[in-house]
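Report on the following structure.
Throughout, protein chains are lettered first and strands after them, A, B, ... in sequence-line order, and every chain is numbered starting at 1. Hydrogens, waters and symmetry mates play no part in the numbers below; they use all other heavy atoms, side chains included.
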Amino acid sequence: MRHVSRQLLSGGAPDVAPLLLNKLLVHGECIGRIMEVEAYREDDPASHTFRGRTKRNAVMFGPAGHLYVYFTYGMHFCANVVTGADGSGAAVLLRAVEPVAGHEIMSHRRQGRPQLADGPAKLCQAFGIDARHNGADLLAGAGPGLFDDGTPPPDRPRISPRIGITKAVDVPWRWRV
DNA sequence: GGAACGATCTGC
DNA sequence: CAGATCGTTCCC
């Protein structure tokens with residue numbers, strides 16, 4: 001199994017997002033197949049980068065292949081794969097993965113709840129992803145990684161507007177298997 | 001300095 | 001459907 005290529009992530013977020021479906025998120029013994037994603041980019045009112053670079057969103061403006069982790073609602077972390085050219089302020093939000101391995105530890109981290117990773121904050125909790133992983137390189141080294149096991153993205157992913165936002169609510173940048 | 005608000009989840 | 005809970009952002 002090999003890392004996803006940096007090249008694959010170098011395009012615009014709405015182009016890259018559907019290509020991440022069926023890729024594998026790996027962290028420690030936990031493995032999950034990506035089932036749902038959303039795209040965000042700099043000219044997009046719903047994006048954290050819309051109002052320019054800040055300390056919080058700096059990673060999104062960095063090179064593709066790094067992890068942008070943000071804290072929200074006072075208690076949740078969400079994880080994004082940074083895409084596009086260095087300086088472009090775009091990323092793909094990981095909204096859901098299907099657990100492939102590490103069910104036991106995920107279930108423990110999720111306090112026995114049956115839904116392990118079917119939401120952006122739930123998957124971070126299940127995989128033990130938090131602020132320490134903000135900026136991590138997903139394509140090299142230890143820590144969380146993004147892998148390709150040869151499973152292609154779906155030919156006809158479900159496409160719909162993004163969830164939980166209040167701006168650009170009709171932009172259809174949500175893809176799911 | 002202060003207030004408003006989340007790319008959410010859970011339990012009622 | 002409302003409450004939890006706090007860092008970030010924006011406005012005064």
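Smallest separation of non-hydrogen atoms from A/Cys78 and A/Thr72: SG-CG2, 4.5 Å. Considering every non-hydrogen atom in both A/Ile105 and A/Glu29, the closest pair reads CG2-CG, 4.1 Å.
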From CA spacing to verdict: side-chain hydrogen bond (donor to acceptor under 3.5 Å, both in side chains), A/Gln115, A/Arg110: CA-CA 8 Å; A/Gln115 318 294 83; A/Arg110 292 279 303 132; over 6 Å; no
Full working for side-chain contact (heavy atoms from CB on, under 4.5 Å) between A/Gln111 and A/Gln125: CA-CA 10 Å; A/Gln111 289 146 32; A/Gln125 189 180 19; 3.8 Å; yes
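Listed by first residue number, the stems of DNA chain C with at least three Watson-Crick or G-U pairs below 3.5 Å are B:1-6 with C:6-11, B:8-11 with C:1-4.
For the pair A/Asn134 CG and C/dT8 P, the computed distance is 10 Å after rounding to whole Å. Atom CZ of A/Phe71 is separated from atom P of C/dT8 by 9 Å (rounded to the nearest Å). Per the geometry, CZ belonging to A/Phe77 stands 10 Å off C1' belonging to C/dG7, to the nearest Å.
In this pair, A/Phe71 and A/Phe77 present their aromatic rings tilted. The plane angle is within the 30 to 60° band.
Between the side chains of A/Ser160 and A/Arg174, at least one donor-acceptor pair of N or O atoms lies under 3.5 Å.
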Under 3.5 Å donor-acceptor pairs involving side-chain atoms of residues 140-157 of chain A, not counting sequence neighbours:
| from | atom 1 | to | atom 2 | distance (Å) |
| --- | --- | --- | --- | --- |
| A/Asp148 | OD1 | A/Gly150 | N | 2.8 |
| A/Asp149 | OD1 | A/Arg33 | NH1 | 3.4 |
| A/Asp149 | OD1 | A/Thr151 | N | 3.1 |
| A/Asp149 | OD1 | A/Thr151 | OG1 | 2.8 |
| A/Asp149 | OD2 | A/Arg33 | NH1 | 3.4 |
| A/Asp149 | OD2 | A/Arg33 | NH2 | 2.9 |
| A/Asp149 | OD2 | A/Thr151 | OG1 | 3.4 |
| A/Thr151 | OG1 | A/Arg33 | NH1 | 3.2 |

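Salt-bridge formation is detected for the pair A/Arg6/A/Asp137: a Lys NZ or Arg NE/NH1/NH2 atom is positioned less than 4.0 Å from an Asp or Glu carboxylate oxygen.
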Reading 5' to 3' through nucleotides 7-12 of chain B, protein heavy-atom contacts under 4.0 Å coded B for base, S for sugar-phosphate only, - for none: BBSSS-
